[in-house]
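Here's the structure, in structure tokens; my notes come after.
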Amino acid sequence: MDLKELVTKKLTEKFPQINFDITDYKDQLAVTFDKQHIVTISDFLKNDEDLQFKLCEDVTAVDWARRKKRFTVVYHIFSLKLNSRIRIKVDVEETENIESVSSVWKTANWHERETYDMYGITFKNHPDLRRMYMPEEFEYHPLRKDFPLMGIPGSLPLPKKEN
Amino acid sequence: MGLEAKLTKDGFFTSTVDALVAWARKSAVWPMPMGISCCAIEMMASGDPKYDIARFGSEVMRFTPRQSDCMIVAGTVTYKMSHVVRKIYDQMPDPKWVIAMGACTSSGGMYRSYSVVQGIDQFLPVDIYLAGCPPRPDNLLNALMQIQEKIGRSKARDYQDIPLPELPVIQNN
Ligand code: SF4
């Protein structure tokens, strides 16, 4: 059984009431579903005997700028048992927040902080949602499409030049 | 060769204090290696036997700012890092000089981006801008020689009454 069949079978058996969109692009599997199920499904993917996606490699996001559901949060997870990775995609509106998966994968903690820093997506029940790269008092989210590449003048403080 | 050649007759020679001090200073410019990114590799290369920065009296890379004369800022300075660079510069004793090594440090280089300071002269007084991405070690040596020339022209009394800067005390950082 190849990965796509296995994941499809497992997920539809376990969660018959949830709509899954499982797509395959260049042998990379992506699973899309509604954001409210993120923690339960993540937990299942991690702890199921046959799947064991125990490693969360990255959490990031895509900013579609004009779409109604503005962001897509993307999770890259890896299974050591199957030696393969899949991608979870969840759409989020600009004003919404999403449940944190750091209770499932510990590494998601920092990845989610980075996503929050760069896109301004807030993760509910995150243990420590602070900025990762930018200074604490910075007001913008640099990877959003409406943020100018050269930044906003004066938004980042420089040390004073004396003499 | 060196000083011995000047010792003719009874072994005295006359000079001015300015010249003597400037000569002493320029012959032992101890660098503060502020190696932040890729340019730092070339800075390290200038210390190896092939280029040998020791020929110019600058082999003592001091990893504490309190013992150094010239800060070589080698690498991309981000806004977040700029405060650290300035703090280290403030801790160096006067007189002090700064080499902005590489395109990034001088002008932001290829990083035309929100996070990178577009030239460290926005917060530091720079003496030499060094072109290249990265500049070759011989280019760094050239910059060092120009700094030495600049120091050679300086007057000892220019640095007589420099007040110590008031540095903010950071309690928990
Ligand atoms: S100037 Fe080039 S080599 Fe130097 S720090 Fe910038 S990118 Fe790296």
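Only this structure's heavy atoms are used, side chains among them; waters, hydrogens and symmetry mates stay out. Note on naming: letters A, B, ... go to the chains in the order of the sequence lines (proteins, then strands), and numbering restarts at 1 for each one. Everything quoted here is computed from the prediction, not taken from an experiment.
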Once rounded to the nearest 0.5 Å, what's the spacing between atom CG of B:L124 and atom CG of A:L158?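 Output value for this atom pair is 10.0 Å.
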Near [X] [atom1], under 6.0 Å, is it more than 12 heavy atoms from other residues, nucleotides or ligands?
| X | atom1 | answer |
| --- | --- | --- |
| B:R157 | CZ | no |
| A:R67 | CZ | yes |
| A:M150 | CE | yes |
| A:D2 | CG | yes |
| A:D146 | CG | yes |
| B:K155 | NZ | no |

Chain A: which of B:Q118, B:Q122, B:H83 shares the most heavy-atom pairs with it under 4.5 Å?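 Of B:Q118, B:Q122, B:H83, B:H83 has the most heavy-atom pairs under 4.5 Å with chain A.
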Given heavy-atom pairs under 4.5 angstrom as the criterion, report whether the side chain, backbone, both or neither of A:Y133 touches chain B.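 Backbone of A:Y133 only, per the 4.5 Å heavy-atom cut-off to chain B.
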Most chain B-contacting option - heavy-atom pairs closer than 4.5 Å, from A:P135, A:P142, A:P153: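 Maximum pair count with chain B is reached by A:P142.
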Heavy-atom closest contact (A:L156 atom, B:Y114 atom, distance):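 Result for this residue pair: CD1-O, 3.5 Å.
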What heavy-atom pair brings A:M134 and B:K80 nearest, and what distance separates the two atoms?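 That closest heavy-atom pairing would be O-NZ, 3.9 Å.
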Heavy-atom cut-off 4.5 Å, strictly under: side chain, backbone, both or neither for B:V117 against chain A?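 Side chain only.
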